[in-house]
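Here's the structure, in structure tokens; my notes come after.
Every value quoted in this text rests on a predicted model; they were computed, and no experiment measured them. The chain is numbered in sequence order, starting from 1.
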Amino acid sequence: MSGMFDMMKKAQEMQKKLKIAQEELKVAMVTGVAAGGAVEVVMTGTFDVTKLTIKPSVVDADDVDTLQDVVMVAVNDAVRKVRDVTESKMNAVTGGLKLPGM
């Protein structure tokens with residue numbers, strides 16, 4: 001019976017640590033960049049974009065497609081970084097154990 005109690009206690013501890021990690025992700029910030037830093041996207045650990053900076057050098061009214069591509073690259077860079085931060089925090093909590101939905 002103590003084995004079951006220990007397992008439940010460990011699960012509760014992991015749940016507390018996961019909640020802390022989730023709170024940390026809400027305030028974590030990453031920056032995605034493209035075009036040598038001409039476009040920067042700042043994103044929280046919950047994938048909310050908080051800032052977008054575009055230098056005038058990449059703005060060309062005759063070539064909107066390039067600007068769209070560069071912004072997309074910066075956003076995708078930020079998304080990859082959020083995923084990396086999330087995975088790192090979750091691995092620290094779970095000891096590398098892959099949990100569904102994490």
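A heavy-atom distance below 4.5 Å is found between the side chains of Val85 and Val30.
Among residues two or more places apart in sequence or in another chain, the side chain to side chain donor-acceptor pair (under 3.5 Å) test is passed with Gln15 by none. Taking the side chain to side chain contact (heavy atoms under 4.5 Å, CB included) definition, one finds that Thr31 meets it with Val33, Glu40, Val42, sequence neighbours left out. By the side chain to side chain donor-acceptor pair (under 3.5 Å) test, Glu13 is found to be paired with no residue, residues two or more places apart in sequence or in another chain being considered. Residues meeting the salt bridge (charged side-chain N to carboxylate O under 4.0 Å, His left out) test with Lys10, sequence neighbours left out: none. Applying the side chain to side chain contact (heavy atoms under 4.5 Å, CB included) criterion to Ser88, with sequence neighbours excluded, gives no partner residue. By the side chain to side chain contact (heavy atoms under 4.5 Å, CB included) test, Asp63 pairs with Asp60, Asp65, Thr66, sequence neighbours left out.
Of the residues listed (Thr50, Val82, Leu25), the one engaging Thr44 in a side chain to side chain contact (heavy atoms under 4.5 Å, CB included) is Thr50, and it is the only one.
Heavy atoms only, all atoms of each residue included: Val39 and Ala74 are closest at CG1-CB, 3.7 Å. Residues Ala34 and Val70 share a closest heavy-atom pair of CB-O, 3.3 Å. Heavy-atom minimum distance, Ala78 versus Val41: CB-O, 4.1 Å.
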List the atom pairs, donor and acceptor, that lie under 3.5 Å between side-chain atoms in residues 51-59 and the rest of the protein, sequence neighbours left out.
none

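Cluster annotation: Val71 and Val49 are assigned to the same hydrophobic cluster (Ile/Leu/Val/Met/Phe/Trp/Tyr, side-chain heavy-atom contacts under 4.5 Å, transitive). A chain of hydrophobic side-chain contacts below 4.5 Å, direct or via other Ile, Leu, Val, Met, Phe, Trp or Tyr residues, connects Met14 to Met90.
For residues 69-84, the side-chain hydrogen bond (donor to acceptor under 3.5 Å, both in side chains) pairs, not counting sequence neighbours, are Asp77-Lys81. Here salt bridge (Lys or Arg N to Asp or Glu O under 4.0 Å) pairs that include residues 16-37, with residues two or more places apart or in two chains, are Glu23-Lys26, Glu24-Lys89.
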Start with the C-alpha distance between Met43 and Asp48, add both sets of side-chain angles, then the distance that settles side chain to side chain contact (heavy atoms under 4.5 Å, CB included), and finish with yes or no.
-> CA-CA 5 Å; Met43 186 178 284; Asp48 293 319; 5.8 Å; no

